[in-house]
Amino acid sequence: MIRHIVFFTAKPANLDAVVEGLNLLGQIPHSDHFEVTRNSKVDQFGNDIDVVVYAEFADEAALAAYKAHPLYAEATRRVRPLREQRFAADVPTRSAEVLRRSA
């Protein structure tokens with residue numbers, strides 16, 4: 001399994017539109033789990049991130065299919081001009097790494 005985690009920053013005036021645009025991604029059928037959440041900003045050291053996309057995919061092929069879907073391009077088209085920064089990580093779960101090594 002791969003955890004796909006993306007962090008966004010945006011000006012307060014753009015946050016609703018960013019969340020709305022990112023929610024389009026939830027209509028793409030390739031994820032096993034998908035959510036868009038506003039950061040609760042309760043960390044004592046840093047609260048720079050405004051919105052988080054968290055998704056889980058069975059494997060790299062499912063993640064690639066998700067990114068190739070037309071709704072992914074549409075969400076990018078809508079969100080890119082409204083966001084300030086974007087940070088992404090695709091993290092294989094420990095069990096996925098163990099399975100890959102034993103194969």
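If you're wondering where the values come from, they're calculated on a predicted model, not measured in any experiment.
- Using a 4.5 Å heavy-atom threshold, the side chains of Val36 and Val52 count as separate.
- For the pair Asp59 and Ala62, the tightest heavy-atom approach, listed with the atom from each and the gap, is OD1-N, 2.8 Å.
- Counting only heavy atoms from C-beta outward, the side chains of Glu56 and Ile2 never approach each other to under 4.5 Å.
- Between His69 and His30, the ring planes are perpendicular. Angles over 60° get that label, and only those under 30° would be called parallel.
- Enclosure of atom CZ in Arg80 is not indicated, since only 12 or fewer non-hydrogen atoms of other residues, nucleotides or ligands lie within 6.0 angstrom.
- With Asn14 contributing its side chain and Leu82 its backbone, the two residues share a donor-acceptor pair below 3.5 Å.
- Here the OH atom belonging to Tyr72 is positioned 12.5 Å from the CG atom belonging to Leu24, to the nearest 0.5 angstrom.
- Annotation: the span from Phe87 atom CZ to Ile49 atom CD1 amounts to 6.0 Å, rounded to 0.5 Å.
- From Thr9, atom OG1 reaches atom CG of Asn47 across 13.0 Å, with rounding to the nearest 0.5 Å.
- Minimum interatomic distance between Ala88 and Val6 (heavy atoms only, all atoms of both residues): CB-CG2, 4.0 Å.
- Inter-residue side-chain proximity for Asp16 and Arg38 is flagged as met; some heavy-atom pair is nearer than 4.5 Å.
- By the 4.0 Å N-to-carboxylate-O rule, Asp32 lies too far from Arg3 to be salt-bridged with it.
- Between His4 and Phe57, the ring planes are perpendicular. Angles over 60° get that label, and only those under 30° would be called parallel.
- The environment of CD in Glu20 is sparse: at most 12 heavy-atom neighbours from other residues, nucleotides or ligands sit within 6.0 Å.
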Checklist line | Lys41 and Asp50: CA distance, side-chain angles, deciding distance, side-chain contact (heavy atoms from CB on, under 4.5 Å) verdict | finding: CA-CA 8 Å; Lys41 298 192 175 189; Asp50 296 305; 2.5 Å; yes
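- The number of heavy-atom neighbours closer than 6.0 Å to CG of Asp48, taken from other residues, nucleotides and ligands shown, is 12 or below.
- The distance from the CG atom of Asn39 to the CZ atom of Phe7 is 8.5 Å, given to the nearest 0.5 Å.
- Rounding to the nearest 0.5 angstrom, the gap separating the CZ atom in Phe8 from the CG atom in Leu22 is 4.5 Å.
- For the pair Phe34 and Ala55, the tightest heavy-atom approach, listed with the atom from each and the gap, is CD1-CB, 3.9 Å.
- Atom CG of Leu25 and atom CG of Leu71 lie 8.0 Å apart (nearest 0.5 Å).
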